[in-house]
Structures are given as structure tokens and as C-alpha cells.
Protein chains: 2
Amino acid sequence: MSELSKKQQIVSASDLLFYQRGYAATSFADIAEAVQISRGNFYYHFKSKDSILDAVISLRLANSHKLLRDWESCSLSAAERIGCFINRLLVKQTDIMRYGCPVATLNTELAKLNHPAKATASMLSTVFRTWLRRQFFLLGEKSSADLLAMHLLSRSQGAATIANTFGEQKLLQQEVQLMHDWLRTCIKLPAGNISTPSLASA
Amino acid sequence: MSELSKKQQIVSASDLLFYQRGYAATSFADIAEAVQISRGNFYYHFKSKDSILDAVISLRLANSHKLLRDWESCSLSAAERIGCFINRLLVKQTDIMRYGCPVATLNTELAKLNHPAKATASMLSTVFRTWLRRQFFLLGEKSSADLLAMHLLSRSQGAATIANTFGEQKLLQQEVQLMHDWLRTCIKLPAGNISTPSLASA
DNA sequence: AGTACGATAGGACAAATGTCTTATAAAGCT
DNA sequence: AGCTTTATAAGACATTTGTCCTATCGTACT
């Protein structure tokens, strides 16, 4: 009945703990307790703490790809798909207010630590950047697709940050609304109901 | 000729190290090396590491207040003062790209650590929020001053985050430009040269 | 010169951390 | 059953951490 192998359990528990407490602040003892495993026994599955981080980043990359693929297979317009991206802030609002944006906080922590995995971790942001860029491209914004993508990425990370700092849900919701408004005006569609589709999780 | 007392030296060295490496990742040994002091001797000046953090936050609060006061004593219009706030991202761009936004990164780290000083640290953001709110209020945006202030704060922190993640100066500069554009349109001034004033540091 | 006090060095200390080794248990195969 | 491989436990190890204690240095004041 154990759906996940112990190795996978370690990775997903670490994924959560790295998000909640940060990478450096999460010790082997913490993970050991979460997975119910002996502390010294990690080295059967992983050769170092860094290699666990690598596995966690790989998992997050896979999850992100899956998320974006799902949004593309839902027969939505490109504008609606971008709306899904924006709404993700609401879907995850509880976690975001407690722990911030998972992508951004890992990146900044690894940047400060000068950690070798920083480059791989930044791929997580690149995935969203590339995906958003393609959506804007499909909307006809050929020349400024990357700028628009980065602008939206920037605003979503900023919204997550201030919500985390001030602990006010309303701030996050306001910023989400402003992003929807911005999207509507910037792609010259007068009044589509972009904000409605799919608050679906995953 | 020692302009600063040893205690002040400890605080300002910690200020820098906490920014560059993060609070938890900075050890007494690191600070000791920077200030050329014996490690065990901190407790003559501070009773714990947390109390150093408190002193650092106080210092940052004082510096922020001074910065904002300077901008107000420069006989600039409220719009120009907001422009100074936006331009701060450019003044500090080298550090921001390496270590992120000092205010945001400390807040998110303390949030993850569930650190008692989190509340005090968030005051740093509140200072800017309040100041920006007043500027927008002076511009006649009586009812939406706080919303505009938070929006700008959000965007500036988002810009810092993506610049730090991707390490691309151009991203930061683009976002700064967009913020100036937004400011110009949102306060209904047709074409003032808001972006010029005072790239002055401090 | 002698005393008092502020400042600093040096090291002790327990706890925690990442790492590694060895022994044992469990499971699969012949 | 016996053997082999996989998985787990338990603990040793050196290092680092924050904290605390004690001795010493230097300066100021009498």
C-alpha cells in the first residue's frame, strides 16, 4: 500500500520542508522525523544534502511542467491560460501568505548562499517565463512577448512578497485583480471574463 | 580615529552580512572576522544573536527614515519623490542583482524561521508603505492612496526578485521604466519628466 | 604609583549538523 | 532451507554553532 518509495517520500517531504523553513534551516533530523527514518540512513538514498536539493528541484520542475501542460490541454484561449497563471496566487494564497512564493524564495536563498544549485533552481522561473512568453506570442504580441511575460512574472512575485510580509489577504486579492485588469487592457480585448476560468488546483 | 564604536561596527557589519548571506547563514565567526574581534566577546556588547538582529533592524529603520526624510526636504513634488523611490532600484542595482531586496529577503527569511523579530522587520516595509501612501495622498488620490502605495511596493519588490533570479540588468531597467510610465498615467499628468530627478544614493 | 573599570582575548561547553561506517533486518531468488 | 541483495537502524566522528566564563590588557582617575 506504500504508493511512494522511501526515496520519493524523502524528496516530497524535503520539498515541503524546504519551502516552509528554507533549505539551510531544514536539517536531516527534520526530514528524518517527517519520513520516519533513521538520520544516518539518508546516505543509502542520497550521497549528500545537496543531492536531495537537486532531486527536489527536479521534482518541482516536473510538477511545473505538468501544471502548464494541464492548462494547455484544457482547450482554453491563451488569454484564459494566462488568467490561470494569475489565479494561481489565489489558489495558493494560504501557503503564500505563510511561506511566500516557492520559486522566488528558493532562488533568493540560494543566491545568498552562493549555492551551486542556484542555476538549476532559476530554471524553475525560466519555465514560467518561457511558457508565458509563448502565450503572449499566441496573442499576437510578437515583439514584446518576453517583456510582457517578465512583467507579469515580476508582478506575481511582488504580490506574493507583500502578502507574505504584511499577512493581509486583501493585498494579494487586490493585486490579482489588477493583474487581470492589466491583462485585459494590454491585449486589447474590451471585456472578456478572463478572471473566471479554473481556480482548479494541482 | 575610530569614528564608530565597536558596538556600532558590529551592528553595521552584521547589517551587511545579514543582507549578503542571510540571517541564519551568518555566524558569529563571520561577524567576528569582519570586525576583528574575539568570538566569545560578543556577549559584552549583545546578550544574544537575536539582539544583534534587533539592533540591525533598528539601524535599517533609522536609515530608511533618514532616506525618506531627505527626499522630502529636497523641495521636490510628491510625484518626483515617488520617482526617487522607483529610481532607488537603479541606484542599488548591483546589490539587488546579487542579494535581492534587503527588506523583502529579510522578511521572507524571518517568516520561514517563524522568528520573533518578524513583526519588527515588517515595520521596515510599513515605513515605505506609509510614506508612499502619503505621497499619493498629496497627489489627490485620497481614497486609493494605500492601494497605489502597495501596488508600487509590490512591483518594486517583484522587479528586484526577478532581477536577482535571472541576473539580467535589463529586466530591472525595463521594470523601472514601466513603473515610471505607470506613475505618469495613474496620476493623470500628461508628460512630466518624472524619471529624471535624483539618482542620488544614501 | 596604585587602583578601578571598561574592553578584549581565549577557551570551555553542550547541542546540533552533515557525513560515514558497521551491523542488522527484510525480501527475493534458487 | 540457504544465499544474495536491498533497506534500515544505530551510532561514531569531526566540525560548527550559540552561549558563557575567566583571565588579562589598557586606560583613566586618584
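Note: hydrogens, waters and symmetry copies are ignored here, and every other heavy atom, side chains too, is used.
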Expressed in angstrom and rounded to an integer, what is the separation of [X] atom [atom1] from [N] atom [atom2]?
X	N	atom1	atom2	result
A:H45	D:dA9	NE2	C1'	12 Å
B:K7	C:dA7	NZ	C1'	13 Å
B:R39	D:dC20	CZ	P	13 Å
B:I52	D:dT17	CD1	P	14 Å
A:F46	C:dC20	CZ	P	15 Å
B:I37	C:dG10	CD1	P	12 Å
A:Y43	C:dA23	OH	P	21 Å
A:N41	D:dA10	CG	C1'	10 Å

For this session: Taking the side chain as every heavy atom from C-beta outward, state whether B:I82 and B:F136 have any atom pair closer than 4.5 Å.
Result: yes
Exercise. Checking salt bridge (charged side-chain N to carboxylate O under 4.0 Å, His left out) for the pair B:D95/B:R98: CA distance, chi angles, key distance, verdict?
Worked result: CA-CA 5 Å; B:D95 285 342; B:R98 273 194 231 176; 5.6 Å; no
For this session: Indicate whether any N or O donor in one side chain lies under 3.5 Å from an N or O acceptor in the other, for B:S51 and B:D54.
Result: no
Problem set entry | Geometric class of the A:F85/A:F128 ring pair [parallel <30°, tilted 30-60°, perpendicular >60°] | tilted
For this session: Examine distances only and state if a side-chain atom of A:R60 and a backbone atom of A:V103 form a donor-acceptor pair shorter than 3.5 Å.
Result: no
Exercise. Would one find a side-chain N or O of B:Y44 under 4.0 angstrom from OP1 or OP2 of C:dT8?
Worked result: no
Exercise. Of the nucleotides C:dT19, D:dA9, D:dG18, which one has an atom closest to the side chain of B:K49?
Worked result: D:dG18
Problem set entry | Residue-level proximity of residues 25-32 of chain B to DNA chain C when a heavy atom falls under 4.0 Å | none
Problem set entry | Geometric cation-pi criterion, A:K49 with A:Y23: 6.0 Å, 45° | yes
